[in-house]
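Below is one structure, written out as structure tokens, with a few remarks after it.
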Amino acid sequence: MAEFHSKIKTIEWVDNYSKMVDQTVLPYEFKYVNITSGQGMFDAIKTMIVRGAPAIGVAGAHGVVLYAQELAAQSLSREDFVRNLLVKADYMASSRPTAVNLMWAVAKQKDIIKNSTSDIEGIVDELKQNAIKLENEDIEINKKIGDFGAEVVPNGATILTHCNAGALATVGYGTALGVVRSAFANDPTIQVFADETRPRQQGARITTFELTMDGIPTTLITDGMCSYFMKKGMIDMVVVGADRIAANGDAANKIGTYTVAIAAKYHNVPFYIAAPLSTIDTSIKTGDEIVIEERSREEVTHINGKTICAEGVNIINPGFDVTPHELIAGIITEKGILRPDYNKSIAEAFKK
């Protein structure tokens, strides 16, 4: 299989700080920012300077290192250092509630904090090396997801995606867009339809930005248009990412994904989730247990700082919805494509 090289690396540990793309200013400006403190990382995750479940996970791991560096400079006893750092790690994991990759990556760091026999300096170094390891593994995992997913992409397919599950949602290749990239490497007639993704327009601002940068043909549509194009036979498959997947295959993703899945089912368009196993939370049985983040009203009432609705109107702004497993044709992971019965296939994937 031909290999595709994305031009973007979203987040990277450099010396003693975390370097990341500031996604709040895309597509108007492409710039990197340096995050040099634990609180700075918490705020970067909270305000979506970094976003996308896998990228948030790596950011959380980086954030624990930043907190460790700060505490190491305070002349604490080893016992106090460990106790305080575990509290800081839990705080970092609370920066966003839905994406389970964040909790997963912080838990990996907490295991090191609890089990290390090193002195304070050694613990900091172990945390740093593990954060870099998670960073590098993310790209390799995404390439595997892309290659497995490419196997089910028809020749000349038009792929619909919702939100951004690309290089900018991961360390550098993408989950849903990793499938696109791997398919495009072997078939340059592949093209993408990208949903705008209200209210933060990640599809318009970010997905179209990175696909255009990589030279992959992309058409932008608004969220309400997907059924129109499906009925016309202009969409061959849907591939989206996920922020948390339950043990039965129910999948939380950006708000509006559920609507796309319903339309795809009606029009017999295969609907796939692309996500690493770290996005699957086997501790919850169904999607009903997934905490859905409620975000600020201004995301809905304003675009580019300008009000788009009447003053005083009521706003409800859930950041995610849950697509029931019955609507999902397959979950594309680094271990292969999982199929129904998801309770069984997910459990087996974790044994491989």
Side-chain angles (χ1 to χ4, degrees), residues 52-54 56-57 96-104 107 141-142 144-153 159-165 169-170 174-180 195 226 230 235-293 318-352:
I56 291 172
R96 291 195 70 187
T98 302
V100 74
N101 304 65
L102 173 60
M103 297 76 167
W104 173 84
I141 286 169
N142 290 339
K144 290 177 182 177
I145 290 171
D147 289 347
F148 280 120
E151 295 174 5
V152 295
V153 177
I159 303 169
L160 173 69
T161 191
H162 184 77
C163 195
N164 174 262
T170 62
T175 52
L177 295 193
V179 173
V180 170
D195 272 349
C226 67
M230 288 178 184
I235 294 170
D236 298 294
M237 64 186 299
V238 180
V239 185
V240 301
D243 289 83
R244 185 177 296 202
I245 301 170
N248 72 337
D250 294 347
N253 194 49
K254 187 57 58 183
I255 192 74
T257 303
Y258 183 18
T259 303
V260 174
I262 292 170
K265 186 73 170 180
Y266 182 84
H267 293 94
N268 295 314
V269 174
F271 178 96
Y272 288 92
I273 299 286
L277 289 181
S278 59
T279 300
I280 301 175
D281 185 355
T282 56
S283 73
I284 58 174
K285 294 180 180 179
T286 74
D288 292 338
E289 299 176 63
I290 297 175
V291 176
I292 300 298
E293 178 181 5
F320 305 86
D321 56 26
V322 177
T323 298
H325 63 275
E326 311 94 272
L327 302 180
I328 301 170
I331 300 172
I332 307 166
T333 77
E334 69 271 29
K335 296 289 184 69
I337 301 177
L338 311 184
R339 304 280 189 180
D341 171 344
Y342 289 116
N343 279 302
K344 181 179 179 181
S345 60
I346 286 173
E348 289 176 348
F350 279 96
K351 295 176 183 177
K352 291 182 180 179

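Within the 3.5 Å criterion, the main-chain N or O of T98 finds no donor-acceptor partner in the side chain of D243.
Separation of atoms CD1 (I280) and NZ (K335) is listed at 10.0 Å; rounding is to 0.5 Å. Rounding to the nearest 0.5 angstrom, the gap separating the CD atom in E334 from the OG1 atom in T175 is 11.0 Å. Taken from OG1 in T282 to CG in N248, the straight-line distance is 12.0 Å, to the nearest 0.5 Å. In this structure, CE in M103 is found 9.5 Å from CD1 in I56, a value given to the nearest 0.5 Å. Here the CG-CD distance, from N343 to E348, works out to 11.0 Å after rounding to the nearest 0.5 Å.
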Just distance, no hydrogens or angles: give the donor-acceptor pairs under 3.5 Å from side chains in residues 267-278, sequence neighbours left out.
unit_1 : atom_1 : unit_2 : atom_2 : d
H267   : ND1    : A263   : O      : 2.8
Y272   : OH     : R339   : NH1    : 3.4
S278   : OG     : N101   : ND2    : 3.0

I337 and I331: CA distance, side-chain angles, deciding distance, side chain to side chain contact (heavy atoms under 4.5 Å, CB included) verdict
CA-CA 6 Å; I337 301 177; I331 300 172; over 6 Å; no

If you apply the rule side chain to side chain contact (heavy atoms under 4.5 Å, CB included), what do you find for V239 with M237, and how did you get there?
CA-CA 7 Å; V239 185; M237 64 186 299; 3.7 Å; yes

Mind running side chain to side chain contact (heavy atoms under 4.5 Å, CB included) on D236 and I159 for me, showing each step along the way?
CA-CA 6 Å; D236 298 294; I159 303 169; over 6 Å; no

Kindly indicate, with the supporting measurements, whether the criterion side chain to side chain contact (heavy atoms under 4.5 Å, CB included) is fulfilled by F148 and I332.
CA-CA 7 Å; F148 280 120; I332 307 166; 4.2 Å; yes

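Nearest heavy-atom pair across N142 and G174 is CB-O, 3.2 Å. The heavy-atom pair separating F320 from R96 by the smallest distance is CZ-NH2, 3.6 Å. Counting all heavy atoms, side chain and backbone alike, G249 lies closest to I346 at N-CD1, 3.9 Å. The minimum heavy-atom distance linking L160 with M230 is given by the pair CD2-CE, 3.8 Å. Looking at every heavy atom in both residues, C226 comes nearest to I235 through O-CD1, 4.1 Å. Of all heavy-atom pairs spanning V238 and A264, the tightest one is CG2-CB, 4.2 Å.
L177 places a side-chain heavy atom less than 4.5 Å from the side chain of T161. Contact of the V322 side chain with the I292 side chain is registered, since non-hydrogen atoms from C-beta on lie closer than 4.5 Å. The side-chain heavy atoms of L327 and I262, taken from C-beta on, include a pair separated by under 4.5 Å.
Other residues, nucleotides and ligands place no more than 12 heavy atoms under 6.0 Å from the OH atom of Y266.
Each of D321, I284, D250 was evaluated against I290; a single residue qualifies, I284, per the side chain to side chain contact (heavy atoms under 4.5 Å, CB included) test.
Annotation: salt bridge (Lys or Arg N to Asp or Glu O under 4.0 Å) contacts involving residues 266-287, sequence neighbours excluded, comprise R244-D281.
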